[in-house]
Amino acid sequence: GGSSDEDGPIKFGMLAPLTGSEAAVGPFMKNGAQMAVDEINEAGGVLGRQIELDVQDEACDPVAAVAAANKVVSNGAVVSVGGYCSGATLPTLPVFEKANIPMLIPAANSEDLVNEGLKNVFMVNATGSQQADAAAKYIEKVGAKNVAIIDDTTSYSTDIAKATAELLKEKGVEVQSSSVTPGESDYSSAVNKALSITPDFIYWTGYFQEGGLILNQVRQAGYTNPYMVGDGSVSPTLIEIAGADVAEGALATMTQTPDTIKGAEDWIANYTEQFGSEPGPYSTQSYDAVRIAAHAIEEAGSTDGDKIIEALEAIDGFEIFSGPLKFTDRHTLSVGGFQILVVENGAFVLKDNLQ
Amino acid sequence: MAMLEFTDVDVHYGQVQALRGISLSVEEGEIVALLGNNGAGKSTTLSAASGLAHPSAGTITFNGKDISQGKPWDIVADGLVHVPEGRRIFSTLSVLENLQIGGFLVKDKTLINKRMKRVFELLPLLEQRKSQQGGTLSGGEQQMLAIGRALIAGPKMLMLDEPSMGLAPLIVTAVMEVIREVNEQGTTVLLVEQNARAALKVTHRGYVLENGVTTVTGTAAELINDPRIVEAYLGA
Amino acid sequence: MTERNVLLEVKDLKIQFGGVKAVDGLSFTVHEQEIVSVIGPNGAGKTSAFNCISGFYKPTSGNIILQGTDITGWRTANIAKAGIARTFQNLRLFPDLTVLDNVRAGMHLYGGQNFLDAILHTPRFKRNERFLTDEAHRWLDFVGYEGPRGVSVSNLAYGQQRLVEIARALARKTPLILLDEPGAGLNHGEKAQLLDLVRRIQALGMAVVLIEHDMGLVMEVSERIVVLNFGKEIADGLPADIKANPAVIEAYLGRDDDEEEAAQIAADATQFGIGTSAIRTQKPRKEGKE
Amino acid sequence: MLQLIWDGLFVGSFYALIALGYSMVYGIIKLLNFAHGDLYMLGAFIGFTTLTAMGGVTASMSIVALLITMMVSMLLTGGMGVFIERVAYRPLRNSPRLAVLITAVGASFTLEYSVAAIAGPNPRVFPIRLESDTLNFFGARITIAQLVLVGIAILLMVALNAYITRSSVGRAMRAIALDPKGALLMGINVNSVIARTFFIGSALAGAAGVMAGAYYGKIEFLMGFVIGLKAFTAAVIGGIGNIKGAMLGGMLLGLLEAFGSHFLGGEWRDVFTFSVLILFLSLKPTGILGERVTERV
Amino acid sequence: MFAKLKQQSFAGKASDGNPLTRLLNSKYMGWVGLGIALVAPLIIATNYALNIMTTALIFVLLAAGLNIVVGYCGLLDLGYVAFMAVGAYTAGIIAKSFELPLLFTVPAVMVMTILAGLIIGAPTLRLRSDYLAIVTLGFGEIIRITANNLTITGGPSGIYGIPGFSIGDLDLDQPVIFYYITAIVVSLLVLAAARLSKSRLGRAWRCIREDEDAAEAMGIHTYKVKLLAYIFGAVWGGLAGVLFAAHLSAVSPKSFVFLQSALILMAVVLGGMGNMKGVVVGAVFISLMPEIFRDLSEYRYVFFGLLLIVVMIIRPQGVWPTRNREPERMEDVMDAKIVQEARA
Ligand SMILES: Nc1ncnc2c1ncn2[C@@H]1O[C@H](COP(=O)(O)OP(=O)(O)OP(=O)(O)O)[C@@H](O)[C@H]1O
Ligand SMILES: Nc1ncnc2c1ncn2[C@@H]1O[C@H](COP(=O)(O)OP(=O)(O)OP(=O)(O)O)[C@@H](O)[C@H]1O
Ligand SMILES: CC(C)C[C@H](N)C(=O)O
Ligand SMILES: [Mg+2]
Ligand SMILES: [Mg+2]
């Protein structure tokens with residue numbers, strides 16, 4: 001890596017889904033990252049040079065993602081700050097590895113990403129098993145005995161669902177797992193199935209689009225107990241889809257977001273001013289990924305891949321939205337894991353930090 | 001004024017020229033035969049009149065109206081109806097439905113019923129087979145249906161493309177008889193035939209088409225006695 | 001003619017569609033190298049009988065025996081393989097294939113190459129393809145086809161397509177060939193050549209079963225004629241007998257008192273060299289009103 | 001059990017409504033109109049825009065507003081269907097069938113991503129939502145809204161079926177399907193009949209789009225894709241080209257899915273449905289009501 | 001014997017045609033294509049370029065395989081990508097669990113894809129056209145969903161970290177080398193498929209495409225011959241799957257969605273069904289299109305869609321359709337050769 005000219009802008013590559021089934025999230029990531037880039041550039045850049053963001057469409061498709069990865073590499077990126085779909089991000093790992101480009105993956109969070117133990121891969125989002133821990137902990141805490149877990153058959157969602165189910169079963173909780181196909185409107189079959197065990201807790205581990213629909217449909221079917229969603233569903237749109245009254249009281253497992261952090265109002269305001277719309281899922285993580293990368297380059301004093309990786313591993317206490325940053329040996333987040341949010345007055349707010 | 005008139009008409013299929021400046025006319029009340037070898041352009045002539053193929057040069061008029069570039073449906077509405085080569089029966093529609101389709105442009109139900117009755121008188125077989133799928137009729141039966149279907153439209157002029165093809169001798173006579181009767185009841189007819197002998201028996205006049213142009217024309221009697229025709233189309 | 005072996009035997013063949021008994025107890029035999037015509041009114045069941053024999057329809061009952069083997073109900077391809085070739089009443093060529101390829105398709109069962117030969121372009125493959133091409137040309141020459149050969153058949157005029165279809169069937173080199181109305185849509189001169197062609201096919205050693213409505217042609221070329229009506233056989237015999245058979249005249253040829261018709265048949269018959277006492281000159285219709 | 005059946009039928013009526021358009025278009029020009037599902041999506045977005053434009057009115061008289069919206073949406077999607085036929089399909093009427101399949105996919109991409117470009121890739125939420133009391137029918141939950149929607153769907157389907165089988169235009173449609181050139185010779189204005197078919201089929205999809213938007217609340221630019229495939233499947237199960245078949249096929253598919261996901265789990269549902277479909281077609285190769293085309297040789 | 005008049009309209013046309021047509025139909029065009037493929041890396045050798053060119057080549061192989069099924073045999077297959085999935089998963093699973101170089105999995109892949117072709121083909125081939133389409137689509141989905149649900153296939157994240165082609169110290173996975181391997185394999189298979197079409201089997205396929213009943217009357221066992229088309233198509237698809245697995249080093253269900261099948265079909269139709277050269281062009285076009293329009297990001301599919309419509313309307317038979325022409329007479333060809341030789 002590190003092929004940027006010595007005095008031209010430093011290039012940050014970013015893969016995000018701009019088309020395809022996950023197209024909705026792409027712009028949130030892109031804007032979040034752009035915001036960080038603009039802020040850093042305004043403050044004088046990195047190593048005295050400006051940063052340039054190179055966003056390429058991964059379409060949540062492995063082939064497109066590999067092409068996009070090669071494109072950002074060929075364009076001379078020194079770090080990668082993208083990756084939303086785990087399935088599409090996985091095959092890009094060797095591409096970046098060969099080019100010795102550090103990856104700060106802001107969203108994709110399958111354990112598989114770090115299982116290979118590649119030294120250039122860092123995860124800015126918490127992993128699925130961390131999330132499952134949080135979910136199981138909370139479910140146990142509220143004393144639920146009959147839990148229905150619904151996933152959407154994507155790797156992200158089934159990972160969390162399976163891990164949570166296992167943890168709960170160990171604790172003697174009755175768990176019923178079911179799956180739905182994303183992209184549809186009517187989930188009454190899944191709802192019926194979930195309700196057939198008269199659950200006292202439902203956990204949805206997929207994305208906000210289906211999450212909102214299912215929430216609405218379980219409530220219509222007369223279910224009144226807690227309904228919790230995973231981080232892929234934490235979005236104002238979920239509340240809209242479910243309907244504000246219906247969504248009231250819904251829970252979520254989530255890393256910290258601007259909404260839940262005191263003092264982040266300014267950040268939201270800035271974002272909204274700059275892009276004309278509110279931030280959404282993974283705006284903050286993308287923003288942080290850029291900042292972490294810039295910080296590491298500054299620390300390393302170089303755009304050389306190995307040096308950046310060293311600097312990343314050395315980071316301790318750099319403030320990001322999820323708290324002070326330090327990477328574990330596996331290059332995952334060590335602190336600032338998951339907490340529980342609740343919908344109150346039409347917005348997700350902190351309910352329980354699980355400490 | 002002729003009912004149907006071709007003046008120097010050319011028709012091309014892509015690069016292939018099928019008609020090369022053809023001129024002919026059919027007077028009201030006549031039965032006119034169009035004879036010619038395979039590929040001479042007989043079917044193309046009918047297609048040009050019915051709007052399926054458009055001339056690249058020349059004009060075609062029907063009752064004085066230029067129909068050279070007309071749409072097939074307008075031409076049918078004007079009263080010029082084409083019974084095509086190969087019959088083109090709607091195979092999964094019943095015989096009755098096929099007949100009804102013939103009256104697509106006729107909005108008056110009683111008129112359709114009246115014509116239907118007449119067709120059944122003329123072609124009793126169709127009444128027996130009313131509900132059979134058109135596509136399962138035998139070749140001869142289909143030909144009957146095709147003619148019957150055209151009659152429901154109440155044509156002023158009927159163009160028939162090889163109606164005797166594949167018909168048993170008795171039926172050929174019967175079909176020719178039907179054609180004659182239709183004509184006698186006031187419908188003008190342009191008849192394309194390979195079976196020149198059968199055709200000339202019922203027609204008033206005829207044209208011979210060769211290679212996209214008309215070469216010989218005359219009354220039926222003249223044609224029957226023309227040695228060129230005898231040799232090529234009738235046999236010694 | 002000397003005694004010939006039985007080639008095809010159709011026994012009490014029946015096929016029914018819903019209420020329609022298309023073929024209703026048909027029996028006849030065809031000998032080697034024989035020319036048999038099947039005639040009958042439209043809808044009599046001639047084509048249906050062909051379809052049963054060649055395997056396109058499964059007969060409701062009855063037997064079809066080819067060279068001693070009962071082939072009733074066999075798959076079409078297997079019947080074709082057993083030794084029957086046919087043409088269709090409404091041409092069934094492969095429209096987008098060239099004339100030559102259409103005829104080569106008739107030689108599908110010749111073998112002589114496998115797919116590895118083709119992929120590797122082995123000499124064996126090249127030899128075989130050249131052989132097929134030569135054969136195709138030979139058959140096209142045989143039927144007297146004079147049109148272009150390297151173009152799609154869909155570009156050809158109707159008459160040419162008919163010939164290609166016959167060439168394709170002949171190329172199959174079967175002992176029996178079924179021709180369904182090969183003369184339809186041909187004019188007088190063309191029919192004369194068709195007649196000659198049928199005889200030359202016979203001379204090759206094939207038996208021909210012919211469905212045809214042109215009585216001149218039928219009477220001239222057939223050794224034997226089978227007459228169907230309403231799916232039943234009403235006569236089976238020599239042309240001369242058939243012509244005189246009252247049932248046939250009633251059902252198919254037309255009554256004696258139908259002057260014009262009789263005249264035409266007679267005229268046709270004469271013209272193909274069949275003697276008749278009933279020749280009358282035909283009267284063309286008088287010119288119409290004008 | 002009853003609940004399963006009802007849920008299946010409810011979803012099935014959406015499938016049926018969309019399958020109808022598929023089947024009609026297929027029936028007449030033998031085209032698998034891949035853009036059809038996207039017309040459903042377009043219908044939903046037009047509905048969204050209309051309702052948003054009506055603003056305050058909607059709150060007070062939601063049913064009336066919804067019916068008006070549905071009319072508007074049916075008109076506009078119908079028009080779009082006609083427009084697509086005119087520019088993307090008609091020029092290829094005499095070309096190989098698969099060529100039109102490709103332009104249909106082209107039209108589908110264009111519709112999807114144009115909507116994404118105009119309305120954004122994010123899901124939108126319908127301004128009004130059909131919420132109503134739940135009836136308890138022998139243990140099955142049935143909402144009034146569901147009943148109303150199924151009622152509308154059945155009404156539309158019955159009307160259409162009568163139109164196709166009884167009217168002379170319907171007969172003309174079938175005639176064109178069998179032999180367009182022959183139809184021309186009968187004096188049928190083939191272009192206008194085909195355009196009319198597209199209008200009706202697309203309008204039905206548009207209606208389904210509005211209904212889905214109002215009932216489920218969420219719409220987004222790819223929402224037509226999955227349901228388009230389902231409708232295609234339903235149309236084939238029923239016997240493609242057959243109107244009643246499309247309805248039956250839609251309902252049956254809905255039921256299959258409901259039972260499949262209940263007994264085998266959602267992740268195996270489509271495997272189950274498609275296996276049944278394949279098995280069924282192996283036994284009855286033309287679908288439930290597909291006509292056996294007796295090709296004479 | 002019959003009408004002679006047809007001849008003049010064709011006379012002379014069979015052999016000439018305008019120079020462009022003649023050039024396009026020259027048998028050297030295949031070599032030109034191969035030449036372009038071999039020279040390309042010398043002109044643009046960034047990893048990005050190599051990557052998309054390799055992807056394009058694999059796509060070409062897929063289109064060539066589908067062309068056998070759809071273009072030659074006329075069987076509409078909307079689930080073709082299933083064969084690639086079978087190939088890729090078989091290769092991936094075996095290579096990963098036995099730590100084998102991918103090349104050694106090819107025999108197993110062949111067996112599996114032939115089996116897949118048989119399984120998918122057998123029940124479906126009695127169906128005609130569009131019923132076949134939905135059934136193949138169904139099979140495609142069944143295979144994808146099954147892969148998504150099973151553990152042996154790695155579930156939704158699939159299999160990753162698949163070893164490449166490298167054998168021992170021989171590094172065959174460098175982008176350039178891998179590109180050339182792909183180019184050679186794909187060219188050979190494309191050539192083989194093209195040659196098949198001009199053989200007895202190919203002719204039988206085309207007969208079936210044109211008229212199944214008439215084909216039966218020729219003694220062509222349509223069922224077996226169609227099954228063979230499926231099997232050949234499956235093997236080509238499976239081999240494309242092996243290359244795919246090696247190229248991405250990962251296989252996941254996301255790569256085998258219906259849209260992929262639709263895109264391959266588009267390549268075939270757009271290029272010119274049945275004509276291998278056209279299909280190659282179509283495949284290159286379809287696979288490079290999203291990359292060419294990459295900078296339009298979210299708008300690229302709008303353009304892609306419009307372009308598809310425009311291209312098809314301008315060239316309804318495909319960009320480079322089959323031209324059903326062959327020399328009129330062997331003698332003519334021979335004569336021409338003799339004349340040429342005499343001149344030389
Ligand atoms: N659709 C077409 N495309 C190309 N050429 C055509 C087409 N239809 C007819 N032709 C050609 O135009 C010429 C005239 O054909 P036409 O069908 O009018 O002849 P015809 O006199 O009716 O012959 P037949 O007696 O065989 O029916 C022929 O050379 C034929 O090959
Ligand atoms: N597939 C079918 N379904 C229903 N009825 C059929 C079918 N095939 C033939 N028939 C009927 O069987 C009868 C015999 O038809 P066939 O085609 O065998 O007659 P044909 O003797 O060949 O007549 P033509 O001389 O007119 O060709 C006809 O009444 C026809 O309607
Ligand atoms: C919540 C999302 C960031 C998960 C991501 N789509 C993944 O596949 O890992
Ligand atoms: Mg003609
Ligand atoms: Mg017949």
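Order of the sequence lines fixes the chain letters, A, B, ..., with proteins taken first and strands second; residue numbering starts at 1 for each chain.
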Can you tell me which portion of [X] sits under 4.5 Å from chain E's heavy atoms? Options are side chain, backbone, both or neither.
X        : value
D:Leu281 : both
D:Val87  : backbone
D:Leu32  : side chain
D:Ser108 : neither
D:Phe272 : neither
D:Tyr26  : side chain
D:Ala116 : neither
D:Leu101 : side chain

Task: chain D contact via E:Leu76 - which portion, at a heavy-atom distance below 4.5 Å - done: side chain
Task: Contact class of E:Val70 relative to chain D, heavy atoms under 4.5 angstrom - done: side chain
Pairwise distance [atom1]([X]) to [atom2]([Y]) - rounded to 0.5 angstrom:
X        : Y        : atom1 : atom2 : answer
E:Ile313 : D:Ser95  : CD1   : OG    : 9.5 Å
E:Ile309 : D:Thr103 : CD1   : OG1   : 6.5 Å
E:Met266 : D:Leu98  : CE    : CG    : 12.0 Å
E:Leu150 : D:Glu267 : CG    : CD    : 10.5 Å
D:Leu277 : E:Phe139 : CG    : CZ    : 10.0 Å
D:Ile102 : E:Leu308 : CD1   : CG    : 7.0 Å

Task: Short side-chain to backbone donor-acceptor contact, D:Tyr113 and E:Gly305, under 3.5 Å - done: no
Check [X] against [Y] and note the closest heavy-atom contact, atom names and distance.
X        : Y        : answer
E:Leu78  : D:Phe34  : CD1-CZ, 4.3 Å
E:Tyr299 : D:Ala117 : CE2-CB, 3.2 Å
D:Ser114 : E:Val302 : N-CG2, 3.6 Å

[X], [atom1]: over 12 other non-hydrogen atoms inside 6.0 angstrom:
X        : atom1 : result
D:Phe263 : CZ    : yes
E:Met112 : CE    : no
E:Tyr223 : OH    : yes
E:Ile152 : CD1   : no

Could you tell me if the side chain of [Y] sits less than 4.5 Å from the side chain of [X], heavy atoms only?
X        : Y        : answer
D:Val226 : E:Phe258 : no
D:Ile278 : E:Ile134 : no
E:Phe304 : D:Thr110 : no
D:Phe274 : E:Leu137 : yes

Open item on the list: Run the side chain to side chain contact (heavy atoms under 4.5 Å, CB included) test on E:Leu306 and D:Phe109 for me, step by step, so that the C-alpha distance in whole Å, both residues' side-chain angles and the decisive distance to 0.1 Å come before the verdict.
Closed with: CA-CA 8 Å; E:Leu306 290 174; D:Phe109 279 153; over 6 Å; no
